[in-house]
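Quantities reported herein were computed from a predicted structural model and do not represent experimental measurements. Reminder, nothing fancy here: chain letters follow the sequence lines and each chain counts from 1. Hydrogens, waters and symmetry mates play no part in the numbers below; they use all other heavy atoms, side chains included.
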Protein chains: 2
Amino acid sequence: MNSDTRQRIVMTALEMFYVKGYNSTSIADILSRSQVHSGSLYHFFPGKQDLLVAVLEFYRDGIEDNLLSIAWADQTDPIEKIFALLNGYRIGLMMSDFQHGCPIGNLALEISEPDPRIRELLDVNFANWIDAVERCLNSANERLPAGTDTHALAEFILTIMEGAIMQARTARDIAVFDRNIKVLRQHINLLLEKAKEPS
Amino acid sequence: MNSDTRQRIVMTALEMFYVKGYNSTSIADILSRSQVHSGSLYHFFPGKQDLLVAVLEFYRDGIEDNLLSIAWADQTDPIEKIFALLNGYRIGLMMSDFQHGCPIGNLALEISEPDPRIRELLDVNFANWIDAVERCLNSANERLPAGTDTHALAEFILTIMEGAIMQARTARDIAVFDRNIKVLRQHINLLLEKAKEPS
DNA sequence: CACCCACTTGATCGATCATTCAAGTTCCCA
DNA sequence: TGGGAACTTGAATGATCGATCAAGTGGGTG
């Protein structure tokens with residue numbers, strides 16, 4: 001099986017869905033960018049939705065190697081790992097002139113009546129991200145107030161990342177992103193301080 | 001000038017962009033739903049983008065009367081006004097079975113290369129929302145720690161609202177929204193407590 | 001009454017959409 | 001070496017897209 005062409009299609013689609021969105025990316029766009037002919041694409045994927053499924057699966061399977069391990073390369077403090085991860089998105093925003101946000105977030109808002117497979121994959125991608133942050137928080141457990149709900153806090157951090165990217169892209173101003181991260185940092189600091197207080 | 005038809009078109013477009021998104025809503029959709037013929041629509045609007053502009057202007061001009069005054073009807077405490085506003089989106093999510101999120105947020109992520117008018121209107125709509133929340137925070141100024149950046153905090157609250165809606169819609173689970181608001185509440189409480197400390 | 005102009009009707013346009021398919025080509029295995 | 005499966009080519013399809021426009025209708029004004 002020639003998975004070379006298949007992979008080129010998926011990678012091209014990933015990039016284009018990322019930048020233009022799913023609905024605004026035509027099959028013709030993908031074909032011309034990936035130098036593949038329609039027959040080949042439809043040999044591997046029954047339809048456009050199935051291509052989206054493959055893209056989301058690819059993204060899901062690459063989170064560890066392509067996102068976390070890179071962002072965390074030179075971070076040992078688990079709290080700083082979280083901010084390093086957020087900084088990765090910041091860099092993506094700036095390097096692409098605000099074209100790149102979060103691939104999953106874009107799709108999550110765009111797809112209004114998703115195929116169950118797609119909704120599930122969006123969910124799994126969010127869940128994996130939250131899990132990774134939650135593991136960081138759990139590693140810093142003794143520095144946080146007793147009884148801190150680390151899952152809810154990790155979810156909250158994803159929320160801020162998605163919301164901050166949305167606003168920074170709209171304003172085309174990285175300062176919006178930075179201010180949001182700064183307030184998050186203040187919240188974390190308040191938690192760390194509170195944990196030091198005598199109970 | 002017959003602004004009756006015009007208004008019906010704008011209201012229909014608002015609702016459909018809200019639920020299906022801009023790209024996924026066709027002119028034909030709007031025509032059949034609003035019982036208007038294409039010639040009439042193009043009499044009032046040169047093109048689809050101009051219709052989106054009208055929708056965003058309509059939304060901008062209605063924020064005070066249609067959003068804030070309703071959410072704040074029986075709230076006097078400025079902090080509680082903020083949570084009442086957030087609760088309005090919560091109700092919208094539940095009543096529409098997760099179809100309604102934030103009209104502006106959806107469009108902000110969907111429109112990748114916006115007409116300058118559109119980007120500006122998205123920005124203004126966000127700015128008005130932030131201003132409203134900032135006014136609440138300023139009203140509660142003496143209860144917050146000295147030197148609190150109320151603009152950044154208001155921006156942060158919008159961020160959380162947008163991110164929380166995104167995740168709750170994807171999971172189709174209101175508990176996600178609630179957990180996010182709960183963490184925000186904890187943050188606000190930490191600020192209120194800190195303000196009471198002797199300096 | 002006559003004229004005009006705002007507005008409506010609805011058929012129609014070319015472009016683009018996702019998708020199909022018959023006719024290739026390549027390559028592995030028997 | 002021959003056959004068949006995997007894959008490629010690229011023209012073609014019908015549907016749908018946003019947009020156009022000539023022919024109306026109706027109400028207000030001169």
Protein-nucleotide distance (D4(A), atom CG; dC27(C), atom C1'), rounded to Å: 15 Å
Sugar-phosphate, base or nothing in reach of T25(A), heavy atoms under 4.0 Å: sugar-phosphate
Sub-4.5 Å side-chain heavy-atom contact between I118(A) and Y22(A): no
Nearest-Å distance for atom pair CG/P, residues L31(B) and dA11(C): 13 Å
Test log, rule salt bridge (Lys or Arg N to Asp or Glu O under 4.0 Å), inputs R179(B) and D149(A): CA-CA 10 Å; R179(B) 280 196 295 272; D149(A) 183 343; over 6 Å; no
Whole-Å distance separating the OH atom of Y42(B) from the P atom of dC17(D): 11 Å
Note: R117(B)-D50(B) ion pair, threshold 4.0 Å (strictly below): yes
L51(B) CG to dC17(D) P, straight-line distance once rounded to whole Å: 15 Å
Gap between atoms NZ and P, on K48(B) and dT16(D) respectively (whole Å): 15 Å
dT8(C) OP1/OP2 closer than 4.0 Å to side-chain N/O of T5(B): yes
hbond_proxy S38(B) side chain to dT20(D) base (donor-acceptor, 3.5 Å cutoff): yes
Separation of dC17(C) C1' from L41(A) CG (nearest whole Å): 14 Å
Sugar-phosphate, base or nothing in reach of I27(A), heavy atoms under 4.0 Å: base
F83(B) six-ring face occupied by R185(B) cation (under 6.0 Å, within 45°): yes
Interatomic distance, H37(A) NE2 vs dC7(D) P [rounded to whole Å]: 16 Å
Comparing S40(A) and N23(A) on DNA chain C - which has the more 5′ nearest nucleotide: N23(A)
Atom-pair distance (NE2 on H43(A); P on dA22(C)), nearest Å: 17 Å
